[in-house]
Asks: 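Structure provided below as structure tokens; questions to follow.
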2 protein chains.
Amino acid sequence: MKTTEKYGKKTDIALSLWVKLARAYYTCAKLSTDNIKTFGLTRPQFCVIECLGHQGEITLTLLSSKLLVTGGNITLVVDNLEKEGLVERIRSKEDRRTINVKLTSKGEGVFKNIFKKHADFITKNVQALTEKEQVQLGKLLKKLGTSLKS
Amino acid sequence: MKTTEKYGKKTDIALSLWVKLARAYYTCAKLSTDNIKTFGLTRPQFCVIECLGHQGEITLTLLSSKLLVTGGNITLVVDNLEKEGLVERIRSKEDRRTINVKLTSKGEGVFKNIFKKHADFITKNVQALTEKEQVQLGKLLKKLGTSLKS
DNA sequence: TATTATTACTTCAAGATTAAATTATTAATG
DNA sequence: CATTAATAATTTAATCTTGAAGTAATAATA
């Protein structure tokens, strides 16, 4: 299905790639979010729990940089997780400006219970691509992403 | 840089793809959003203006389905654009439930002024990939996205 | 025709997100 | 040491986002 050239071939190809990236991401994100919802968590909350589950106790600043969100955002998401008793803030003794976050034992339990399930869910959902295609797609995405950050 | 196998090869490859997709999308989206901001618009506002600029007058329901967002969302974004005098609501006479939206002349002017600029910006930013790679990446993304919607 | 169901949009509540301003603490420097 | 810089986190205002509930208009049906 070839649509008519609108802005020149080069631009058409680039915009088409742009749209496909956004659509693919949207579809994946929606699936993922819906799955996470069955665990009783929002997506940002899941991301925080996953990060803490793998990294252990880290500062709020590091957490926000790993998740690519602003500090104000992390404050709120961690607030909500703290209300649920899944994470706790611990003021550092070396530098009283920094605050570390870690999973509570309840949070650890949740992490152990759901992460593997979610990973399996993701895995199942990309099997329309062969392993080779998955690797190839990953390489191209990485090349694109990396080139843009410079 | 090969990290140790954590959840089995198949899962590792799938999760890696997942992460790369999210990172690439994030980087592209951030660049795009920052560029749109220089036009004095938010990203959702730009998306509405772009859609109306290309499609012409359409119903709110159609607009929300094209942009993959909920109706409540469109109501708000269109509210804000209406306050700026960029779009206007027009109640349909055939079916008084439906409301059409279209660009005002001011909105048309904005669309004509910025869309080409933004398209060129996007084009410039994907040139780290060859045209062949862009097409290849697009194909894989489409295959992934399409397979998930079934 | 009267009732019921569907459709289109809005409103509301909760959470997410950013950028800018603020507070508290530490580091740097004159 | 006192002042100034920088850093870490929070708060605030604005917008976005969803899902659920509500309103109004149209369509379907008994």
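Quick note on labels: first sequence line is chain A, next is B, and so on, each numbered from 1.
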Asks: Which nucleotide sits closest to the side chain of B:Thr42: D:dG19, C:dT26, D:dT15?
Replies: D:dT15
Asks: Among the candidates C:dA16, D:dA25, D:dT10, find the nucleotide nearest to the side-chain atoms of A:Ile99.
Replies: D:dT10
Asks: Which of parallel (below 30°), tilted (30 to 60°) and perpendicular (above 60°) describes A:Tyr25 and B:Tyr25?
Replies: parallel
Asks: Look at the side chain of A:Pro44 and decide which nucleotide, out of D:dG19, C:dA16, D:dC16, has an atom nearest to it.
Replies: C:dA16
Asks: Using modelled atom types only, decide if a donor and an acceptor are shared between the side chain of B:Thr75 and the backbone of B:Gly71 within a distance under 3.5 Å.
Replies: yes
Asks: Does a side-chain N or O of A:Thr61 approach OP1 or OP2 of D:dT7 to a distance below 4.0 Å, or not?
Replies: no
Asks: Return the nucleotide paired to D:dA9: Watson-Crick means purine N1 to pyrimidine N3 with N6-O4 or O6-N4, wobble means G-U with N1-O2 and O6-N3, both under 3.5 Å.
Replies: C:dT22
Asks: Could you state the atom-to-atom distance from CG of B:Asp95 to P of C:dT7 in whole Å?
Replies: 12 Å
Asks: Between C:dA8 atom C1' and B:Ile90 atom CD1, what is the distance in whole Å?
Replies: 17 Å
Asks: What's the CZ-C1' distance between A:Arg96 and C:dT23, to the nearest Å?
Replies: 13 Å
Asks: Whole angstroms only, please: what is the CG-P distance between B:Leu63 and C:dT7?
Replies: 20 Å
Asks: Measuring to OP1 and OP2 of C:dT17, would you say a side-chain N or O of A:Arg43 lies under 4.0 angstrom away?
Replies: no
Asks: So what does B:Arg89 hit on the nucleic acid, given a heavy-atom distance under 4.0 Å: a base, only sugar-phosphate, or nothing?
Replies: sugar-phosphate
Asks: Nearest-nucleotide wise, let me know which of A:Gln45 and B:Leu60 is further upstream toward the 5' end of DNA chain C.
Replies: B:Leu60
Asks: Assign the ring pair A:Phe111 / A:His54 to parallel, tilted or perpendicular, where the plane angle (0 to 90°) is split at 30° and 60°.
Replies: perpendicular
Asks: Whole angstroms only, please: what is the CG-C1' distance between B:Asp79 and D:dC16?
Replies: 13 Å
Asks: Which nucleotide, D:dT10, D:dG19, D:dT18, lies nearest any side-chain atom of A:Lys30?
Replies: D:dG19
Asks: Should D:dA5 be called syn or anti, with syn set as within 90° of 0?
Replies: syn
Asks: Mind calculating the distance between CD (B:Glu84) and C1' (D:dT15) to the nearest angstrom?
Replies: 12 Å
Asks: Identify, between A:Thr59 and B:Gly71, the residue whose nearest nucleotide on DNA chain D lies closer to the 5' end.
Replies: A:Thr59
Asks: Reckon B:Thr70 touches a base, only the sugar-phosphate, or nothing at all at heavy-atom distances under 4.0 Å?
Replies: base
Asks: Counting only side-chain heavy atoms from C-beta out, which of C:dT10, C:dT17, C:dG15 sits nearest to B:Thr75?
Replies: C:dT10
Asks: Should the pair A:Tyr7 and B:Phe115 be assigned to parallel (<30°), tilted (30 to 60°) or perpendicular (>60°) ring geometry?
Replies: tilted
Asks: Tell me: CG of A:Leu76 to P of C:dA14, nearest whole Å?
Replies: 13 Å
Asks: Taking only the side-chain heavy atoms of B:Arg97 (C-beta and beyond), determine which of C:dG15, D:dT26, D:dT17 contains the nearest atom.
Replies: D:dT26
Asks: Give a yes/no on whether any side-chain N or O of A:Asn73 is located under 4.0 angstrom from OP1 or OP2 of C:dA16.
Replies: no
Asks: Any heavy-atom pair between the side chains of A:Cys28 and B:Leu148 that's under 4.5 Å?
Replies: yes
Asks: D:dT3 pairs with which nucleotide, Watson-Crick or G-U wobble, both distances below 3.5 Å?
Replies: C:dA28
Asks: Within this structure, what is the CZ-to-C1' distance between B:Arg91 and D:dA25, rounded to whole angstrom?
Replies: 9 Å
Asks: Below the 4.0 Å mark, does C:dA14 have OP1 or OP2 next to a side-chain nitrogen or oxygen of A:Asn80?
Replies: no
Asks: Just how far is it from atom CG of B:Asn125 to atom CH2 of A:Trp18, taken to the nearest 0.5 Å?
Replies: 7.5 Å
Asks: Ignoring backbone atoms, establish whether B:Lys37 has a side-chain N or O less than 4.0 Å from OP1 or OP2 of C:dA19.
Replies: yes
